[in-house]
Amino acid sequence: MSKQIFTTAVALKYEEGCAPRVTAKGDDDLANEIIRIAREANVPLYENPELVGLLAQIELGDEIPETLYRVIAEIIAFAYYLQGKVPAGYQAK
């Protein structure tokens with residue numbers, strides 16, 4: 001008996017001055033396609049099943065709720081760091 005693995009993926013888009021928005025989400029084949037496209041575009045991926053479960057409940061195009069701002073901000077900041085980017089107006093000390 002083989003164990004079936006289900007994949008879920010959620011893509012967010014962040015533009016300065018706005019809360020991140022859900023731009024894509026899906027399960028199984030669609031999730032794998034979202035992940036493939038992200039990898040091809042060198043978009044950093046973050047795996048967290050609990051967070052994905054919360055984000056998957058948000059409608060496409062909607063902003064994330066305020067309760068998720070901090071965790072998503074930390075993930076975005078780390079993704080910026082990995083890519084050698086800094087937010088506009090940020091000056092390292």
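If you read the sequence from its start, that first residue is 1, and numbering goes on from there.
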>> Run the side-chain contact (heavy atoms from CB on, under 4.5 Å) test against A24 and tell me which residues pass, sequence neighbours left out.
In response: A11, I34
>> Using 0.5 Å steps for rounding, measure from the CD atom of E63 to the OH atom of Y14.
In response: 11.5 Å
> With the 4.5 Å side-chain cut-off for hydrophobic clustering, are L30 and I37 part of the same group?
Replying inline: no
> For Y69, does the OH atom have more than 12 heavy-atom neighbours from other residues, nucleotides or ligands under 6.0 Å away?
Replying inline: yes
>> Please report the interatomic distance CG(L55) to NZ(K25), rounded to the nearest 0.5 Å.
In response: 9.5 Å
>> How close do G26 and A31 get, counting heavy atoms only, and between which atoms?
In response: O-CB, 3.3 Å
> So which pairs with a foot in residues 37-60 pass side-chain hydrogen bond (donor to acceptor under 3.5 Å, both in side chains), sequence neighbours left out?
Replying inline: R36-E40
> Do V52 and L60 belong to the same hydrophobic cluster, where Ile, Leu, Val, Met, Phe, Trp and Tyr are linked whenever their side-chain heavy atoms lie under 4.5 Å apart, directly or via other members?
Replying inline: yes
> Can you check whether V22 reaches D62 side chain to side chain, under 4.5 Å on heavy atoms?
Replying inline: no
>> Distance alone, cut at 3.5 Å: any donor-acceptor contact between the side chains of T7 and D28?
In response: no
> What are the two closest non-hydrogen atoms of P20 and I72, and how far apart are they?
Replying inline: CG-CG2, 3.8 Å
>> N32: which residues meet the side chain to side chain donor-acceptor pair (under 3.5 Å) condition with it, sequence neighbours left out?
In response: none
> Going through the checks in order, is the side-chain contact (heavy atoms from CB on, under 4.5 Å) test met by L51 and I75?
Replying inline: CA-CA 11 Å; L51 181 57; I75 293 167; 3.6 Å; yes
>> Are L68 and L45 connected into the same hydrophobic cluster when the rule is that any two of I, L, V, M, F, W, Y join if their side-chain heavy atoms are below 4.5 Å apart?
In response: no
> In Å, rounded to the nearest 0.5 Å, how long is the span from NZ of K13 to CZ of R21?
Replying inline: 10.0 Å
